[in-house]
Amino acid sequence: MPTRPCWVEIRTRSFEENFRFLAGLAAPHAELLAIVKADAYGHSLALCAPAAVCAGARWLGVTSVEEGVAARALCPEARVLVIGGVFPGQGAALIANRLTAVAWEPWQLNEIEIAAQDAGAAAGSVPIHLEIDTGMSRQGVDAAGLLPMLARFSAGSPLKLEGVMTHLFAADEADGTVTEAQLAQLDKVLEQISAGGQWAEWLNVGNSAALLAGQAEAIAALAARHGMKALLRPGLALYGLAPAYEPTFEPENPAPLATALTRLQPVLSWKTRVTGVRTIPAGAVVGYNGTFVATEPMRLALLAAGYADGIDRHLGNHFSLLVRGQRAPLIGLVSMDQTVVDVTDIPSVKPGDEVVLIGTQQGETITAFDHADVTGTIPWEVFTRIAARVLRIAV
Ligand SMILES: *Cc1c(COP(=O)(O)O)cnc(C)c1O
């Protein structure tokens, strides 16, 4: 059955090319883990996880065990890192699906260890990436918790310390001082780990902002000092957007960012169609609460997409969409399932015309940044708020 006309097109080829380009930036110092959490930033895990593997990704990063189970079904060979950790009762599914947990709480190790023992796992056969809190105060072991956690990776336990992980929380700050401090703190933790006679294969650090700011070498150098390999975890850049840095880099971009700005390709286009066209007289109000009142006769187009599809309600009266290659202002508040645009100045708009919410039409482009700038958020949120009911189609 043909669906209601509100859909997302995913260019998996662009996703693959973005991965290869970013892997090239990291090489030869570091390997990449493709972040495909939250249904691949709303781009469809089912489309993007296999594309990442096809482009050479050996590691995928998801939020939860349930996302990990879905990724495992799609990609039987990939390493799948569960960056949000396990929750009580999820250990068995983690083990059965060969998922690798990020862990930072003793109870998480209990959960995994018991499930591993129940499954008859051999000593040292269940890899864990231990997260270190280097300043974000979110996930991660603090200084006091480190030694007790390390003691859990004793000989005979099924648990193996495979990775040491931290999250850089200000890699999009152009001066890099916060990141430097985080890496310095991580260095101390790695010294403590080796002082205790322990070692991990992977140093798991760095998002898109770190990679494009040219931090891969510093991360890889830190890893090398401790005999480890560096694993960076880009998300947003895989989907074709470079993070905005604050303040903007001066006088010129770091080399990786400069190339990224020319090479990264947006992966997602979000589209709907005109479902009706009507003319209204001066004085007519449009939409809920009459926030828009026509001061002259107008032609309006009704669109089959609303806030339940992920269009932020605050865009009403403050944003434009592309119709026939021209910008059509959103008129009135966005409704749950519908939106109205002003097409008075766009000739011959008719039902069935394609409308672009994100993407390019006849040389005009709307990006997730454009949405985010108006609603005071970030492209990550714009992407992940495109509703599940919006069909994702590979193109
Ligand atoms: C989401 C996430 C990333 C990817 O971040 P981007 O800014 O999208 O590159 C990396 N690491 C962790 C822990 C994350 O949660």
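As the structure lists them, so they are numbered: ligands from 1, and atoms in each ligand from 1.
- Under the 30°/60° scheme for interplanar angles, the aromatic rings of W59 and W202 are found to stand perpendicular.
- Ranking protein heavy atoms by distance to atom 9 (O) of ligand 1, first place goes to S208 OG, 2.5 Å.
- Remark: ligand 1 and G235 share an N or O pair separated by less than 3.5 Å (distance only, no angle test).
- In the displayed structure, R13 atom CZ is contacted under 6.0 Å by at most 12 heavy atoms of other residues, nucleotides or ligands.
- Less than 4.0 angstrom separates some heavy atom of W380 from each of these atoms of ligand 1: 6 (P), 7 (O), 8 (O).
- Atom numbering of ligand 1 starts at 1 in the shown order; those under 4.0 Å from a heavy atom of Y41 are 1 (C), 4 (C), 5 (O), 6 (P), 8 (O).
- In summary, the atoms of ligand 1 found under 4.0 Å from a heavy atom of K37, numbered by their order in the structure, are 1 (C), 2 (C), 3 (C), 14 (C), 15 (O).
- Taking a cut-off of under 4.0 Å to the non-hydrogen atoms of L236, the atoms of ligand 1 that pass are 6 (P), 8 (O), 9 (O).
- In this structure, K229 does not pair ionically with E31, as no charged nitrogen and carboxylate oxygen lie closer than 4.0 Å.
- Ligand 1 has P234 within reach: a non-hydrogen atom of the residue lies less than 4.0 Å from it.
- Residue contacts with ligand 1 for R233 involve both N, CA, C or O and side-chain atoms from C-beta outward (heavy atoms, distance under 4.0 Å).
- Counting the atoms of ligand 1 from 1 in the order shown, those under 4.0 Å from a heavy atom of M165 are 13 (C).
- Between Y239 and L264, the closest side-chain pair of non-hydrogen atoms is not below 4.5 Å.
- More than 12 non-hydrogen atoms from other residues, nucleotides or ligands lie less than 6.0 angstrom from NE2 of H29.
- Heavy atoms from other residues, nucleotides or ligands lying under 6.0 Å from CZ of R263 number 12 at most.
- Under the side chain to side chain contact (heavy atoms under 4.5 Å, CB included) test applied with L81, the options I35, N204, L60 reduce to a single match, N204.
- Taking every non-hydrogen atom of H167 and a distance limit under 4.0 Å, the qualifying atoms of ligand 1 come out as 10 (C), 11 (N), 12 (C), 13 (C), 14 (C).
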